[in-house]
Amino acid sequence: MLPPISAISTTPPPLKSCKIHSMPPEKIEIFKSLESWASQSVLPLLKPVEQCWQPQEFVPDSSLPFGDFTDQVKALRDRTAELPEEYFVVLVGDMITEDALPTYQSMINNLDGVSDETGSSPSPWAKWTRAWTAEEKRHGDLLRTYLYLSGRVDMKKIEKTVQYLIGAGMDPGTENSPYLGFVYTSFQERATFVSHGNTARLAKEGGDPVLARICGTIAADEKRHENAYSKIVEKLLEVDPTGAMIAIGDMMQKKITMPAHLMYDGEDPKLFDHFSAVAQQMGVYTANDYADILEFLIERWRLEKLEDLKGEGKKAQDFVCGLAPRIRRLQERADERARKMKPRGVKFSWIFNKEVLL
């Protein structure tokens, strides 16, 4: 049964029986056999540190004389002055999602056959995870600094939310299987690319070209990371088409839950639902985006053209390839119901308990 489309914008129910280590031992050997391929095809998608941007390049320079520094801060505040409260709700939610990076690294390091068993393993899978984490960490650092200097948000409430979220973890339903894990990260990196790209567009329209460049730069990182994870799934479809297709079907059956679905600020038990509703309303990340991403991956992975799939693999192919239109139809009905409802106000602690209409 297809999960409700509200899953795009509401907290998923807890899994009744969370599977672990569901991948058969013989599948682990596939990832060991792909280490040379990963070194040649995945690791080059990382950037050397000396070629990477750093957060300091985008924010006021605190090493300047105090007057010059405060002039830069004032210019930043002037640029953000016209951005609406709803925009800051979405930007804060994106920042918090990026800041929960320890959870995501832990999740990938729990995948059987690709984990960093020593903490500094020379395995290409482990090298990728460590360097991917290092690249991703800059995203939250940069957004956090910009938000702090803007004066538009309550940093203490945001910091509490990050602490709650990292403490709560996440449950993506990947069962310690890299098949499932890499399907999840392929989809999720595409989703963050879309989300940051849309916050860039809105920042430009709202009169802050620097923030637009920040969000666009982060989006470019996410696109590169999406390419890496998608290449891994492509390779799995080549060496084990039925197993990989079943994994794709499994994750889409469960639905791709957002990594920050357990966010909480100590006040609003439905914080993620409310944040997601604002993102949907602002056009930053919507149910149609979810369907677009699915269609993009179906085309990239050539899922409709896979042949000689066995049993469950063929069923998964039929399910996944017919899913996007069903999602769109369900969303159209949900939108129609929403139009008949009166707007309601929701207060967000992140923006000093100001109310946003949903």
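Below, each value reflects all heavy atoms present in this structure, side chains not excepted, and no hydrogens, waters or symmetry copies.
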Determine yes or no for a side-chain-to-main-chain donor-acceptor pair under 3.5 angstrom, with Lys254 supplying the side chain and Gly173 the backbone. yes

Between Ser22 (side chain only) and Lys19 (backbone N and O only), is there a donor and an acceptor less than 3.5 Å apart? no

Taking the side chain as every heavy atom from C-beta outward, state whether Phe58 and Trp53 have any atom pair closer than 4.5 Å. yes

To the nearest 0.5 Å, atom CG of Asp240 lies from atom CD1 of Ile246 at 8.0 Å

Is a side-chain donor or acceptor of Asp289 paired with a backbone partner of Thr286 at a separation under 3.5 angstrom? yes

Of the options Asp154, Asp265, Thr161, which is the one that meets Trp350 in a side-chain hydrogen bond (donor to acceptor under 3.5 Å, both in side chains)? Thr161

Output yes when Lys157 and Glu267 qualify as a salt bridge under the 4.0 Å nitrogen-oxygen rule, no when they do not. yes

For a side chain to side chain contact (heavy atoms under 4.5 Å, CB included) check, start with the C-alpha distance between Phe187 and Glu226, then their side-chain angles and the critical distance, and finish with the verdict. CA-CA 8 Å; Phe187 193 105; Glu226 170 218 323; over 6 Å; no

Does anything in residues 142-168 pair up under ring pair (Phe, Tyr, Trp, His ring centres under 6.0 Å), and if so which pairs, sequence neighbours excluded? Tyr164-Tyr264

Would you call Lys347 and Glu355 a salt bridge, using N to O less than 4.0 angstrom? no

Between Arg152 and Glu85 (salt bridge meaning N to carboxylate O under 4.0 Å), is one present in this structure? yes

Could you state the interatomic distance from OG (Ser121) to NZ (Lys127), rounded to the nearest 0.5 Å? 8.5 Å

Quick one: sort the His225 and His139 rings into parallel, tilted or perpendicular, breaks at 30° and 60°. parallel

Worked verdict on Glu98 versus Glu222 for side chain to side chain contact (heavy atoms under 4.5 Å, CB included): CA-CA 11 Å; Glu98 296 284 354; Glu222 304 291 7; 2.8 Å; yes

Step by step, work out the salt bridge (charged side-chain N to carboxylate O under 4.0 Å, His left out) result for Glu159 and Lys156. CA-CA 5 Å; Glu159 289 160 356; Lys156 184 173 181 179; over 6 Å; no

Check whether any side-chain heavy atom of Tyr87 lies under 4.5 Å from a side-chain heavy atom of Leu91, and answer yes or no. yes

Residues Lys231 and Glu234 bridged, charged N to O under 4.0 Å: no

Check this for me, if you would: do Arg328 and Glu332 make a salt bridge, where the nitrogen-to-carboxylate-oxygen distance has to be below 4.0 angstrom? no

Keeping Thr97 on the side-chain end and Gly93 on the backbone end, is there a donor-acceptor pair under 3.5 Å? yes

Can you find a pair of side-chain heavy atoms, one from Lys315 and one from Leu309, that are under 4.5 Å apart? no

Is the shortest side-chain N to carboxylate O distance from Arg224 to Glu135 below 4.0 Å? yes

Is there a side-chain contact between Lys314 and Asp318 (heavy atoms, below 4.5 Å)? yes

Main-chain N/O of Lys310 paired with Thr242 side-chain donor or acceptor, under 3.5 Å: yes

Among the clusters formed by ILVMFWY side chains lying less than 4.5 Å apart, do Met282 and Leu357 turn up in the same one? no

Between the side chains of Lys137 and Asp99, is the shortest nitrogen-to-carboxylate-oxygen separation below 4.0 Å, so that they form an ion pair? no

For the atom pair CZ (Arg190) and CG (Leu294), what is the distance rounded to the nearest 0.5 Å? 12.0 Å

Note, Leu76 side chain near Ser150 side chain (heavy atom, < 4.5 Å): yes

Trace of the side chain to side chain contact (heavy atoms under 4.5 Å, CB included) decision for Arg130 with Asp116: CA-CA 8 Å; Arg130 291 195 303 269; Asp116 188 352; 2.8 Å; yes

Should Phe352 and Leu147 be regarded as members of a common hydrophobic cluster, given that ILVMFWY residues are connected when their side-chain heavy atoms come within less than 4.5 Å of each other, either directly or indirectly? no

Should Ile108 and Tyr229 count as side-chain neighbours, where that means a heavy-atom distance under 4.5 Å? yes

Can you find a heavy atom in the side chain of Thr80 that is under 4.5 Å from one in the side chain of Leu83? yes

Separation of Phe182 CZ from Leu111 CG (nearest 0.5 Å): 6.0 Å

Does any donor atom in the side chain of Gln331 or Asp335 lie under 3.5 Å from an acceptor atom in the other side chain? yes

For atom CZ of Arg339, is the number of surrounding heavy atoms from other residues, nucleotides or ligands below 6.0 Å larger than 12? yes

Under 6.0 Å from the CD atom of Glu336, do we count more than 12 heavy atoms belonging to anything else shown? yes

Ring centre gap for Tyr184 and Tyr104 strictly below 6.0 Å: no

Is Asp94 close to Ser195 at the side-chain level, that is, under 4.5 Å between some pair of heavy atoms? yes

